[in-house]
2 protein chains.
Amino acid sequence: MSITIKDVAKYADVAPSTVSRVIANNPRISEKTKEKVRAAMDELGYHPNFIARSLANQSTQVIGLVTPGSSDVFFQNPFFPTVLRGLSEGAHEKQYALQLVTGQNEEEIYNGVVQMVQGGRVDGVVLLYSKVEDRILIYLRDRKFPFVMIGKPFNFVDEITHVDNDNFQAAKETTEYLIEMGHERIAFIGGDKDLVVTVERLLGYQGALKQADIDQKEEYILHQSFLREGGQDAVCELMELPLEFRPTAMIVADDLMALGVLNTLNELGISVPEDISIISFNNVLMSEMSRPPLSSVDINIFELGYEASKSLIQRIEKPDEPFKRVIVPHNIVKRFSSGFIKL
Amino acid sequence: MSITIKDVAKYADVAPSTVSRVIANNPRISEKTKEKVRAAMDELGYHPNFIARSLANQSTQVIGLVTPGSSDVFFQNPFFPTVLRGLSEGAHEKQYALQLVTGQNEEEIYNGVVQMVQGGRVDGVVLLYSKVEDRILIYLRDRKFPFVMIGKPFNFVDEITHVDNDNFQAAKETTEYLIEMGHERIAFIGGDKDLVVTVERLLGYQGALKQADIDQKEEYILHQSFLREGGQDAVCELMELPLEFRPTAMIVADDLMALGVLNTLNELGISVPEDISIISFNNVLMSEMSRPPLSSVDINIFELGYEASKSLIQRIEKPDEPFKRVIVPHNIVKRFSSGFIKL
DNA sequence: TTGTAAGCGTTATCAC
DNA sequence: GTGATAACGCTTACAA
């Protein structure tokens, strides 16, 4: 149906292989024939067929994107579109396309990955999350299929190229900041316990407390899934504590959750930051727009995606280079939801 | 490298074509050989190579997704992840994969689409937007390449399969609702003027006013890009009007924008809904979480995506069926940002 | 019911 | 420098 390399060859009066070489800009072809062939391609409106090329090359120039099993929740979070933009930009620069694994649950997604990989649909895969035990990761690793991960691998840190923030340090600094503001009763509302990022941040939080000789309280550590309802439940739990044990500050895993927290506190007649300080993670667009504007740790989500694409493409094109770890800087953006403890 | 159909054939002691037929579940193959071949496939861990299959079939089982040129803005909006979920679910049901067109601006995206289409990477395309003049649409139409659009086509409505809300009606009902609440000075803050959805909603708004014999005021109609800053600018402009001309109600194109509006009004010391009623479109997660919770027109974004996938796949698989139009229902969710006009 | 062989549109290895 | 020709892994007439 479409114009093929053969049509161009005939039209330019050369062999198909010559046309192929012109496309690849092979230096052994004379400028003259190059011109001639290019003219023919323009004339006929030729576009190379990626599928045929992929088959011959054993390479597709496509990157597969894997979201966590609970993709509905994940998609809702502003993290997703931003990281996607980063991935897209990184891929585009190197002429790679992005393909999404579809599926409602873990099982479907796992099968989707296997199909993609074994089916030769993609040259590499980006895992947009890091979980504690992950079949997909194990599968990819066992097959030695090129992949990178956004987040810190739970195992084999040195054998998996990954792009991450220093979440331990970020949480530690955040906690220290609150301690400097005079807070000692600091709650930690983390995300899912089997997400590595949660674990890392919890450790950072605990590290800061220990260093400041502040006792840790079990009741201050809560885990909720990354959604606003989570935030609400957590607040209620904390606010049921006797007044003298209630936290004066809270570190929240995610801005969206923090929004829920803010709302719930508002309903309970507790003011932020007067009665309680809030600081969350991600610094998405909305964090500026809440009332009060949220203090939030900016983790450079776009950069995370961008670096992930670049690193994956490097792994695909130079598989023998060593695994690497890219740390994207974070910084605490202080707005109005956090401040000195009231006396 | 990988296990191919030939390996399976040898192992099962049949011809490659037989294996192929077993995969396709061709009824002319005896149950016995089917069993034998399947056993061999399991034994060897065979997975069909999609690329080769695509080349032979001239079909990829991949759907291309096209975002508007200003994809950074588009991605930020919660509309995107939700419609993506819908698309993903619809595609998954029919075993199609999703591929994203990458590119920062209109030009790059256009080129991306051409590459995708001519390169045979996708069997069809979903346009996630509808613009007034759109090169990409014209290109696809001219080539008679299967595509569907989310939104109402500006031209050729009967010759383009599309999935849309009845935006005219939705805006009309919304305006009528405000009129019933006693409002007459109703502002309309729309999105980009070259988006068809904006045009449609504006018409609905105007239709309702006319029907109620309310004079239209130029100053009440504003166009802003779909972002929160837009909302803020718009409010300032409206609030500079002399008190007796200030609108008592506003229809806002998008929840995110409405959030900006809400914030700005708050800063100006204007209360919602006491001083001014606000109602917006999309009903995304956050609309419940604002203070006050936003009244919002739910346009069933997920459904929009889901139906788009399904319709596209139908077009791909049955290209001779007539073009169709799918209207996804909307409904007005009344929360606390809108109410009776104060006396 | 199953096997043979051509073809899908490229690239790459030879020759010349 | 350029042209045949054989892959790449699968599907699908056409034969048997």
Side-chain angles (χ1 to χ4, degrees), chain A residues 1-38 40-41 44-62 95 115-123 317, chain B residues 1-38 40-41 44-62 95 115-123 317:
Chain A
M1 355 199 107
S2 227
I3 310 292
T4 78
I5 218 170
K6 285 184 192 167
D7 301 320
V8 177
K10 255 178 219 154
Y11 193 90
D13 201 28
V14 293
S17 50
T18 303
V19 177
S20 175
R21 286 191 267 252
V22 173
I23 295 169
N25 203 14
N26 188 317
R28 300 193 323 203
I29 300 288
S30 72
E31 272 310 315
K32 206 167 140 194
T33 38
K34 275 187 187 172
E35 300 270 295
K36 192 171 60 177
V37 170
R38 290 201 181 111
M41 297 196 309
L44 299 176
Y46 169 78
H47 279 261
N49 181 315
F50 276 103
I51 302 297
R53 178 180 284 190
S54 298
L55 186 59
N57 272 342
Q58 303 288 65
S59 112
T60 59
Q61 300 265 109
V62 178
Q95 314 264 50
Q115 280 214 353
M116 253 192 180
V117 170
Q118 313 258 29
R121 278 200 205 256
V122 297
D123 293 341
E317 296 181 350
Chain B
M1 359 198 104
S2 227
I3 309 292
T4 78
I5 216 169
K6 284 185 192 167
D7 301 320
V8 177
K10 254 178 222 154
Y11 193 90
D13 200 29
V14 295
S17 53
T18 304
V19 178
S20 175
R21 290 187 186 108
V22 173
I23 295 169
N25 202 14
N26 188 317
R28 299 194 324 200
I29 300 288
S30 72
E31 272 312 315
K32 206 167 140 196
T33 37
K34 276 188 187 171
E35 299 271 295
K36 190 172 60 177
V37 170
R38 289 200 181 112
M41 299 198 307
L44 300 175
Y46 168 79
H47 279 261
N49 181 316
F50 275 104
I51 302 297
R53 176 181 284 190
S54 297
L55 188 59
N57 272 342
Q58 304 288 65
S59 113
T60 60
Q61 300 266 108
V62 179
Q95 315 264 50
Q115 281 214 353
M116 251 191 183
V117 170
Q118 312 258 29
R121 277 199 205 257
V122 296
D123 293 343
E317 296 181 349

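Chain A is the first sequence line, chain B the second, and so forth, proteins listed ahead of strands; every chain is numbered from 1. Because the structure is predicted, anything quoted here is derived from the model rather than measured. The figures here come from the full heavy-atom set of this structure, side chains too, leaving out hydrogens, waters and symmetry mates.
- Atom CG of L55(A) is separated from atom P of dA6(D) by 17 Å (rounded to the nearest Å).
- The separation between Q118(A) atom CD and dG9(D) atom P is 14 Å, rounded to whole Å.
- T33(B) comes within contact range of the sugar-phosphate backbone alone, with a heavy-atom separation under 4.0 Å but no base atom that close.
- Rounded to a whole Å, the CG atom of N26(A) is 17 Å from the P atom of dT10(C).
- When the options T18(A), L44(A), V14(A) are evaluated for a side chain to side chain contact (heavy atoms under 4.5 Å, CB included) with V8(A), the one that passes is L44(A).
- A straight line from CG of N49(A) to P of dG9(D) spans 17 Å, rounded to a whole angstrom.
- Every side chain to side chain contact (heavy atoms under 4.5 Å, CB included) that Q115(A) has, sequence neighbours left out, goes to F50(B).
- Listed by chain and number, the residues in a side chain to side chain contact (heavy atoms under 4.5 Å, CB included) with I5(A) are P16(A), V19(A), S20(A), I23(A), Y46(A) (sequence neighbours excluded).
- For the pair V62(B)/R121(A), a side-chain contact is recorded, criterion being any heavy-atom separation below 4.5 Å from C-beta on.
- When the P atom of dG9(D) is taken as reference, atom NZ of K10(B) falls 12 Å away, rounded to whole Å.
- For L44(A) and dG9(C), the CG to P distance is 15 Å, given to the nearest whole Å.
- Summary of helix geometry: the two end axes of the helix from dT1(C)-dA16(D) to dC16(C)-dG1(D), each defined by five base pairs via their C1' atoms, are inclined to each other by 40° (rounded to 10°).
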Please list each protein N or O that sits under 3.5 Å from an N or O in nucleotides 11-15 of chain D, with the distance.
residue	atom	partner	partner atom	Å
dT11(D)	OP1	R53(B)	NE	3.0
dT11(D)	OP2	S20(B)	OG	2.6
dA13(D)	N6	R21(B)	NH2	2.8

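- Between the CD1 atom of I51(B) and the P atom of dT11(C) there is a distance of 14 Å, given to the nearest Å.
- One can place NE2 of H47(A) at 12 Å from P of dT10(C), the figure rounded to the nearest angstrom.
- Among residues two or more places apart in sequence or in another chain, the side chain to side chain donor-acceptor pair (under 3.5 Å) test is passed with S17(B) by none.
- With sequence neighbours excluded, the residues that form a side chain to side chain donor-acceptor pair (under 3.5 Å) with D123(A) are T60(A).
- Within the structure, a side-chain polar atom (N or O) of Q58(A) is placed less than 4.0 Å from OP1 or OP2 of dG9(D).
- Taking the side chain to side chain contact (heavy atoms under 4.5 Å, CB included) definition, one finds that D13(B) meets it with nothing, sequence neighbours left out.
- Scored by the side chain to side chain donor-acceptor pair (under 3.5 Å) test, E35(A) finds no partners at all (sequence neighbours excluded).
- Under the side chain to side chain contact (heavy atoms under 4.5 Å, CB included) criterion, K34(B) pairs with V22(B), N25(B), I29(B), E31(B), R38(B), not counting sequence neighbours.
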